[in-house]
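To start, the structure itself, in structure tokens.
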Amino acid sequence: TFLFSQVSVEMDSSPGEKDAPSVRMVSIVCGNMDNIQIPQRQLSWSDFNALRKEMHENQNAMQEKQNQMQEYIKTLEQKPIGLGEEHVGLLGKEHGNVGVSPLEMEVQETLSMIEARYDKYELPMSTYSLLMTEEMRSVPFVTGIIAWAFSMMCLVLALWNEFDNGSPENRLGLPAGVQTEVIVAQYLGVLVGVLMEDEIPQGLELIGKGAEQKLSRRASLGDGSGGVDDTTRLFSTRRVFLPALLRLSIGYMFIICLFIVVVRESTVLDIFFDVLALEFVENIDDVIFGLSKRGFFGPTLRDATNKTHYIETTHASHKFRWWTKRIIRFVYIFNILLGIASLTYVSTMQKKGYYRCKSVSVVFGDAEWEEASVKNKDGPEKRILIYSHFNGVYEENGHHDGRPKYIERNKEDGGDFKNTVPAEIVFCEGIDAWVFRHEDISISRNDDDNRDNECSWLLHSDETHTFDLIELADENEWLVWTGQIQSDYEVSIVCNECHEKIDCNFHGDCVDKECKCNSDRFGIHCQFQRPCEVIRSEKDNATKLKLLGDPNDNEVDFVEVYGRPMYVIYNMTGRPSSFLRTKEKDDTDDYFFEMKNKSAEFQELLENYTFVLRYTGQQWYGQMHLPDLTAESFREEDYHEFWDSFDGGPGSRDDRTVIISESDVGGSPVGIDFYEVRRRNVADGIKKTDISQYWVVVPLVNYGGSGFFHCNEDKSE
């Protein structure tokens with residue numbers, strides 16, 4: 001009969017567990033059991049009792065099966081026929097092993113079930129595992145710490161570099177915007193990076209296995225004193241949690257670096273290169289482990305890394321294992337969703353313009369174009385286009401070709417023009433560049449030529465895909481049209497927004513990204529001192545120009561044009577000799593007043609006029625105006641030097657400008673050199689200078705840099 005005939009046990013007291021004596025199964029003696037392998041294992045009392053109960057239940061089941069087999073044999077004796085495949089069900093085919101007795105298979109299955117109660121978790125082939133298996137202060141243990149520190153240092157440096165490239169208003173240095181294909185690559189980069197990241201799931205799994213081991217309260221000894229092999233051992237909680245926490249720290253540092261690096265890039269290839277680079281840095285421990293295993297770092301590390309180690313647990317911890325797997329799965333999904341949500345937030349903020357400056361000050365160079373085709377109510381006409389007349393504030397207003405569009409603002413306070421048509425700076429997708437243009441100014445009167453001009457540009461940057469106009473600041477890569485394309489043209493672009501008091505030069509407060517200057521300062525960034533109330537010329541101290549006041553202005557109490565003050569002298573008659581050279585007449589030049597004296601209108605103007613000194617974007621102009629010019633009559637909010645100018649081109653009239661300054665970006669005409677304008681608007685034979693390409697100018701100061709106007713020192717005036 002195939003019955004259990006004997007179960008012999010021997011008692012053994014474990015020195016480490018006084019109230020948990022163990023039993024060791026020595027053998028299970030069964031009839032015809034030669035093929036059954038009986039493992040030796042250390043069992044607790046509870047495990048042994050559970051085993052005995054299962055074996056008792058199996059014995060009853062096998063007794064019933066034996067009775068069925070005997071009845072079947074009797075049937076066969078009554079019908080002596082050959083055993084075909086249809087009759088071997090009880091004889092072992094259902095177990096996949098014909099010729100092995102059913103009872104033998106049942107016992108083997110029982111032992112397999114017992115063996116399955118104990119699961120082995122193989123420790124990953126990594127230097128982190130050395131922190132569990134090797135003694136502290138040993139070479140393998142220290143190597144594991146060094147590998148972690150090396151990876152962490154590389155990730156910290158990468159993160160530090162990203163933060164170091166930021167600014168107070170944009171700490172991460174996020175781009176103002178990116179193209180659609182880059183946004184797709186960012187999502188893919190985050191998704192691929194999180195999927196490739198394995199330190200977090202392995203760290204969580206290791207913590208789970210440590211907890212399972214503690215719940216199981218058993219493991220085969222790894223010191224060779226009776227275990228199945230020398231690779232399974234009972235690890236302390238500290239030994240399990242140390243490498244697990246180090247793995248988690250590297251994993252989450254990797255994810256932080258991954259997100260920040262990805263969102264800062266603006267090209268597809270850079271995104272994927274960064275993901276691969278970070279993945280390599282995270283896996284430095286695997287590289288060190290692989291080299292150690294091949295013996296590159298000596299026999300000690302080679303022996304330590306060529307061992308396979310296990311954590312052994314029982315079915316008693318299966319419920320905990322179920323939760324561990326779901327926690328790891330949840331963390332995986334959470335990391336992916338967090339990355340996607342963060343990218344979505346950044347993309348939304350980029351579209352809203354959160355990471356770019358919405359108000360800029362643009363300063364064009366000294367380029368001039370003699371034959372600009374300008375549209376007016378009477379049709380196109382030729383004008384001298386002085387690009388600096390379009391200097392000033394430009395604000396974001398709408399989009400063009402997927403980029404923000406910047407519109408020119410008035411020359412007083414940066415508000416809207418009331419009647420003047422503003423210029424604009426937009427991105428032109430046709431040439432992949434930012435362009436400056438005006439709807440009423442074209443390069444030719446020929447419509448075909450204008451159609452060939454992509455986006456009707458007058459200036460354009462070098463090829464770029466940036467969304468941020470500030471990135472093009474001070475680059476000598478702009479192209480300007482001056483009748484032909486002139487390269488290496490300088491354009492200065494500065495953000496007008498403030499974020500800290502230092503942005504206001506510590507002379508005002510930053511309120512809602514706008515500087516509120518102290519009473520003695522003015523300018524977008526409070527960069528200018530309050531102008532003198534009265535100034536005098538170098539030639540005549542008795543002639544005084546007074547600051548034109550503006551009691552209706554909320555910011556400053558004087559009239560501003562191009563962000564600078566305006567000075568006036570009322571009720572002047574005759575030649576303004578105080579602002580001219582000593583000579584009354586110069587026969588070598590077509591002297592301005594000599595020509596104008598022939599006009600009745602000019603003779604009438606000389607009887608009473610207002611002399612005005614004002615800024616025009618790059619230079620100060622001294623001009624003669626009708627006597628009715630006052631703070632109330634002057635249209636600050638609609639003034640524009642180009643559209644109000646009479647500098648129409650060669651041969652056209654200019655009956656206003658008398659003196660002109662050198663190029664200047666200061667806030668006052670005091671201390672800079674001026675020149676008298678002589679021959680004008682006659683292109684032939686005129687030598688172009690840095691002061692003007694179309695005027696002959698004569699210096700009004702004897703020594704360069706001494707300045708022509710100075711503040712009036714008489715405080716009573």
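Remember, predicted model here, so these are calculated numbers, not experimental data.
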Check step by step if ring-ring contact (aromatic ring centres under 6.0 Å, His included) holds for W457 and H438.
CA-CA 8 Å; W457 64 270; H438 194 287; over 10 Å; no
Set out, in order, the CA-CA distance, both residues' side-chain angles and the distance that settles disulfide (SG to SG under 2.5 Å) for C526 and C515, then state yes or no.
CA-CA 7 Å; C526 308; C515 287; 4.7 Å; no
Begin from the C-alpha positions of E439 and R437 and carry the test salt bridge (charged side-chain N to carboxylate O under 4.0 Å, His left out) through to its verdict.
CA-CA 7 Å; E439 64 178 71; R437 67 183 187 181; over 6 Å; no
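Defined by atom type and a distance below 3.5 Å, a donor-acceptor pair is present between the side-chain atoms of E408 and H640. Side-chain contact, R521 with Q527: no donor N or O sits under 3.5 Å from an acceptor N or O. If you check the side chains of Q619 and S661, you find no donor sitting under 3.5 Å from an acceptor. Residues S249 and W148 bring a donor and an acceptor atom of their side chains to less than 3.5 Å of each other. Between the side chains of S359 and Y394, no donor-acceptor pair of N or O atoms lies under 3.5 Å.
E497 contributes no side-chain N or O that, together with a main-chain N or O of K513, makes up a donor-acceptor pair within less than 3.5 Å. A donor-acceptor contact shorter than 3.5 Å is absent between the side chain of N161 and the backbone of L157. Looking only at distances, a side-chain donor or acceptor of K411 sits under 3.5 Å from a matching main-chain atom of N391. At least one donor-acceptor pair closer than 3.5 Å links the side chain of S151 to the backbone N or O of V281. Listed for the E396 side chain is no donor-acceptor partner under 3.5 Å among the backbone atoms of K358. Here the side chain of D432 pairs no donor or acceptor atom with the backbone of E463 at under 3.5 angstrom. Listed for the E197 side chain is a donor-acceptor partner under 3.5 Å among the backbone atoms of E199. Of the possible polar contacts, none joining the D488 side chain to the W478 backbone as a donor-acceptor pair under 3.5 Å is found. When atom types are taken as modelled, the side chain of Y615 and the backbone of D664 share a donor-acceptor pair closer than 3.5 angstrom. Remark: the backbone N or O of D468 is not paired with any side-chain donor or acceptor of R403 at under 3.5 angstrom.
With a 6.0 Å radius and a threshold of 12 heavy atoms from other residues, nucleotides or ligands, L245 has its CG atom above the threshold. Crowding of Q484 atom CD: a count of heavy atoms from other residues, nucleotides or ligands under 6.0 Å not exceeding 12. More than 12 heavy-atom neighbours from other residues, nucleotides or ligands sit within 6.0 angstrom of OH on Y355. Summarising the local packing, CG of D512 is surrounded by 12 or fewer heavy atoms from other residues, nucleotides or ligands at distances under 6.0 Å.
Between atom CD1 of residue I271 and atom CD of residue Q186 there is a gap of 4.5 Å, rounded to the nearest 0.5 Å. In this structure, CD1 in I386 is found 4.5 Å from CD in E368, a value given to the nearest 0.5 Å. Note that OG of S668 is 4.5 Å distant from OH of Y567, once rounded to the nearest 0.5 Å. W434 contributes atom CH2, which lies 15.0 Å from atom CG of D462 (distance to the nearest 0.5 angstrom). For the atom pair L191 CG and L343 CG, the distance stands at 10.5 Å (nearest 0.5 Å). To the nearest 0.5 Å, atoms CD1 (I336) and OH (Y332) are separated by 7.5 Å.
Note on ring orientation: taking the six-membered ring where Trp is involved, the planes of F330 and F334 are parallel (angle under 30°, cut-offs 30° and 60°). In this structure, F522 and F528 have tilted ring planes: the angle between them lies in the 30° to 60° band.
Aromatic ring centres of F467 and F427 lie farther apart than the 6.0 Å criterion allows. For F390 and F364, the ring centers sit 6.0 Å or farther from each other.
Considering only heavy atoms from C-beta on, W643 comes within 4.5 Å of V374 through its side chain. No side-chain heavy atom of D638 sits less than 4.5 Å from a side-chain heavy atom of N410. Put simply, the side chain of L459 does not reach to within 4.5 Å of the side chain of V435, judged on heavy atoms. In this structure the side chain of D285 never reaches within 4.5 angstrom of the side chain of F150, judged on heavy atoms. The side-chain heavy atoms of Q486 and W481, taken from C-beta on, include no pair separated by under 4.5 Å. Residues L613 and Y621 are not in side-chain contact: their nearest non-hydrogen atoms beyond the backbone lie 4.5 Å or more apart. With a 4.5 Å cut-off on side-chain heavy atoms, I470 and R356 do not count as touching.
Disulfide status for C504 with C510: absent, SG atoms not under 2.5 Å apart.
For the pair R264 and D270, the salt-bridge criterion is not met [side-chain N within less than 4.0 Å of a carboxylate O].
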